[in-house]
Asks: 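This is the structure I have questions about; it appears just below.
Each ligand, and each atom within it, is numbered from 1 in the order the structure gives. Along the sequence shown, the residues carry numbers beginning at 1. Values below: every heavy atom of this structure, side chains too, minus hydrogens, waters and symmetry copies.
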Amino acid sequence: MKYAQVQNCIGGAFVSPNAPTLDVYNPSSGEILSRVPLSSAQDVDAAVQAAKAALPGWSGTPIKERVQVLYRYKTLLEQNIDELAALVTEENGKILGEARAEVLKSAELTEFACSLPQIVTGEVLEVSRGVECRVERYPVGIVAAITPFNFPNMVPNWSIPNAIALGNCMILKPSELVPLSARRIVELLSEAGLPDGVLQVVHGGRETVEALCDHPGIAAVSFVGSTRVAQIVYRRATSNLKRCLALGGAKNHLIVMPDADREMAATNIVASMSGCAGQRCMAASVMVAVSATDHIIARMAEVARAMVPGKDVGPVISTASLERITRYIDEAEALGATVIVDGRGARVPGKDGGYFIGPTIIDHVTPDMKIAQEEVFGPVLAIVRVKNVDEALAVENASPYGNAASVFTESGGVARYVMEHASAGMVGVNVGVPVPREPFSFGGWNDSKYGVGDITGRGSIEFWTQAKKMTTKWNKEAGVNWMS
Ligand code: NAD
């Protein structure tokens, strides 16, 4: 075991809960990296008590002072990028370039949090003679963030910087598959000057999450993960009268028109379906090819075939994932789809125990096949052929998910039409991964997100704060009017 057993962080101290553990694997080699505790409701309570002790001091600190910690944290993320990225690669498997991009994104998220004092300045208006109304934002209190395996550094940083900049104290529950990055996040925040107790980390799985949803001391829960668990968490947290924002899975459609630039479309689409081994909630999953697009598909096949597993594409997270992804491909093939680039059975020299599958492109998939409907979460692209843009939109609109959709075309009119009519929260033109960058907010529609607001950017401010409306009158001669 390369790393000591993972510990929780409570009130600034790393502690080992008295809990059963799970092994943590390196997906590139199949070797055991560490063990992670499955914390209990008691461990969650200890974290809540530590957050409670820190809350008055932190929420009472002016926001301009609070974000000074985050300026230093951003610098530390940048200074330590090599080590942080290597850790992401080790526990998640993604290749080093992707891991570095993830840490850079964490720095961008923190940069946005540093700008919050300029954004949350409140509102003030003289509503009648001598009477003033003012709105100020207050923290929600103690909040929790539950995160998935696919971005061990970035997704925790979707929630932490904004939530704490806005005065909350937080409990992070990382994915039990990738628990190692969280410790470095806490250590760097502490080095940046974050007071003990503002951020706790409690490791675990289902039971830990349920305890977070049930604890009366926690006011809000953000969740990122699969739709199945997003529904469980949203229902449980809101039935306990907490606010909840739960981001779920995805099935992203890229609509490709015959006039699309061949090289631009081919390279962007392959990068989207294969980046992070397809384990991105923004990954291209279905290409809806409109009429004569064979020239683009042929070029995509060339680009995908040139990619080397282990060098250009990392492994997927587990043997279970590898088996699930392979099953989807086998089943589509058995039903008559054509596997034009086949990544099954990929072998990486020296990494025999790794969970590798190369980029896989499957043509002539029909919309009724499972691979066209369900989230595969691997480097696999299903191509569905249609005759026109309305048929393409019908395929996209039929999906219960709604994270991302994109169109590849040289026509402004078609681009606008698709952006307006796609049933997704994040849409793009000639981009494979239409991720909104800060200060814009990240969040999908339909079964890709439950709750109001978004998890990053301006859209998160409403979620992490509550507005206080203040009405004041000091001039005695103003008298009493019909409203105040
Ligand atoms: P997951 O749903 O299995 O796990 C997410 C979190 O929920 C983990 O912390 C896990 O410990 C916890 N959990 C698992 N089962 C639970 C249960 N029964 N009850 C309570 N908690 C439980 O997701 P994952 O496999 O780690 O991540 C991949 C999924 O996340 C994909 O579906 C992907 O699309 C999605 N995702 C979505 C976004 C987005 O922005 N919409 C971003 C990243 C990932």
Asks: Could you tell me the residue and atom name of the protein heavy atom closest to atom 2 (O) of ligand 1, and the distance to it rounded to 0.1 Å?
Replies: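 Atom 2 (O) of ligand 1 sits closest to the protein heavy atom Ser226 OG, 2.6 Å.
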
Asks: Considering only protein heavy atoms, which is closest to atom 22 (C) of ligand 1, and at what distance to one decimal place?
Replies: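 Checking every protein heavy atom, the shortest distance to atom 22 (C) of ligand 1 gives Val229 CG1, 3.4 Å.
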
Asks: In the protein, what heavy atom is nearest to atom 39 (C) of ligand 1, and what distance, to one decimal place, separates them?
Replies: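 I find the closest protein heavy atom is Cys281 SG, 3.3 Å.
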
Asks: Which is it for Thr110 and Asn157 under the side-chain hydrogen bond (donor to acceptor under 3.5 Å, both in side chains) test, yes or no, and what are the steps along the way?
Replies: CA-CA 7 Å; Thr110 308; Asn157 279 301; 4.6 Å; no

Asks: Would Lys173 count as a cation-pi partner of Phe223, with NZ or CZ less than 6.0 Å from the six-membered ring centre and within 45° of the ring normal?
Replies: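 Lys173 over Phe223 ring: no.
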
Asks: Nearest non-hydrogen contact with atom 24 (P) of ligand 1 belongs to which option: Phe149, Phe151, Tyr401?
Replies: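 Selected option, by shortest heavy-atom distance: Phe149.
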
Asks: Out of Phe149, Phe356, Tyr355, which one pairs with Pro27 under the side chain to side chain contact (heavy atoms under 4.5 Å, CB included) rule?
Replies: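 Only one of Phe149, Phe356, Tyr355 forms a side chain to side chain contact (heavy atoms under 4.5 Å, CB included) with Pro27, namely Tyr355.
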
Asks: What residue and atom, counting heavy atoms only, is the protein's closest point to atom 37 (C) of ligand 1, and at what distance?
Replies: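 Result for atom 37 (C) of ligand 1: Gly248 O, 3.1 Å.
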
Asks: Is Glu78 atom CD crowded by more than 12 heavy atoms from other residues, nucleotides or ligands, each under 6.0 Å away?
Replies: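 Yes, enclosed.
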
Asks: Is there at least one pair of N or O atoms, one from Ile232 and one from ligand 1, spaced under 3.5 Å apart?
Replies: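 Such a contact does not occur with ligand 1.
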
Asks: Is any N or O atom of Glu176, backbone or side chain, closer than 3.5 Å to an N or O atom of ligand 1?
Replies: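 Looking only at distances, the answer is yes, because the N/O contact criterion of under 3.5 Å is met.
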
Asks: Heavy-atom contacts with Lys173 under 4.0 Å: which atoms of ligand 1 show up? List them by number with element.
Replies: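 Reading through ligand 1 atom by atom, the close ones are 8 (C), 9 (O), 10 (C), 11 (O).
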
Asks: Note the single closest protein heavy atom to atom 28 (C) of ligand 1, along with its residue, its atom name and the distance in Å.
Replies: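 The closest heavy atom on the protein side is Phe377 CE2, 3.6 Å.
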
Asks: Using a strict cut-off of 4.0 Å, indicate which atoms of ligand 1 neighbour a heavy atom of Gly249.
Replies: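 It comes down to these atoms of ligand 1: 32 (O), 34 (O).
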
Asks: Any N or O on Trp158 sitting closer than 3.5 Å to an N or O of ligand 1?
Replies: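 N/O-N/O distance below 3.5 Å does not exist for this pair.
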
Asks: Specify the protein heavy atom at minimum distance from atom 34 (O) of ligand 1: its residue, its atom name, and the distance to 0.1 Å.
Replies: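 Result: Glu375 OE2, 2.6 Å.
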
Asks: Asn240: which residues meet the side chain to side chain donor-acceptor pair (under 3.5 Å) condition with it, sequence neighbours left out?
Replies: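 Residues passing side chain to side chain donor-acceptor pair (under 3.5 Å) with Asn240: Asp214.
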
Asks: Does Arg206 reach ligand 1 with a nitrogen or oxygen that is under 3.5 Å from one of the ligand's nitrogen or oxygen atoms?
Replies: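 No, there is no polar N/O contact under 3.5 Å.
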
Asks: Any N or O on Phe442 sitting closer than 3.5 Å to an N or O of ligand 1?
Replies: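 By distance alone, the answer is no.
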
Asks: To the nearest 0.1 Å, how far is atom 7 (O) of ligand 1 from its closest protein heavy atom, and which atom is that?
Replies: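 Result: Phe223 CE1, 3.3 Å.
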
Asks: Looking only at the side chains, is there a donor atom on one of Gln7 and Arg183 sitting less than 3.5 Å from an acceptor on the other?
Replies: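 Short answer, yes.
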
Asks: Using a strict cut-off of less than 4.0 Å between a Lys/Arg side-chain nitrogen and an Asp/Glu carboxylate oxygen, indicate whether Glu31 and Lys2 qualify as a salt bridge.
Replies: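 The answer is no: the pair does not qualify as a salt bridge.
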
Asks: Indicate whether any N or O donor in one side chain lies under 3.5 Å from an N or O acceptor in the other, for Thr456 and Asn162.
Replies: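 No, because no side-chain N or O of Thr456 sits under 3.5 Å from a partner of the opposite role on Asn162.
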
Asks: So if I count the atoms of ligand 1 from 1 in the order they appear, which ones are less than 4.0 Å from some heavy atom of Asn150?
Replies: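 Once the distances to Asn150 are compared, the set is 43 (C), 44 (C).
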
Asks: Is any side-chain heavy atom of Phe112 closer than 4.5 Å to a side-chain heavy atom of Ile119?
Replies: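 In short, these two side chains touch, coming nearer than 4.5 Å.
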
Asks: What verdict does the salt bridge (Lys or Arg N to Asp or Glu O under 4.0 Å) test give for Glu108 and Lys105, after you've listed the backbone C-alpha separation in whole Å, the side-chain angles of each residue and the deciding distance to 0.1 Å?
Replies: CA-CA 5 Å; Glu108 187 182 51; Lys105 183 66 200 175; 2.7 Å; yes

Asks: Would you say that Ile357 contacts Pro309 through its side chain, given a criterion of any heavy-atom pair below 4.5 Å between the two side chains?
Replies: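 Answer no - side chains too far apart.
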
Asks: To the nearest 0.1 Å, how far is atom 8 (C) of ligand 1 from its closest protein heavy atom, and which atom is that?
Replies: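 Protein heavy atom with the smallest distance to atom 8 (C) of ligand 1: Thr147 O, 3.3 Å.
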
Asks: Inspect the surroundings of CZ in Phe14 and state if more than 12 heavy atoms from other residues, nucleotides or ligands are less than 6.0 Å away.
Replies: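 Yes, because the 6.0 Å sphere around CZ of Phe14 holds more than 12 heavy atoms from other groups.
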
Asks: Give a yes or no on whether atom 4 (O) of ligand 1 lies under 4.0 Å from any heavy atom of the protein.
Replies: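 So atom 4 (O) of ligand 1 lacks protein heavy-atom neighbours under 4.0 Å.
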
Asks: Would you say ligand 1 has an N or O under 3.5 Å from any N or O of Val224?
Replies: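 N/O-N/O distance below 3.5 Å does not exist for this pair.
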
Asks: Does Ile146 have a heavy atom less than 4.0 Å from any atom of ligand 1?
Replies: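 Yes.
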
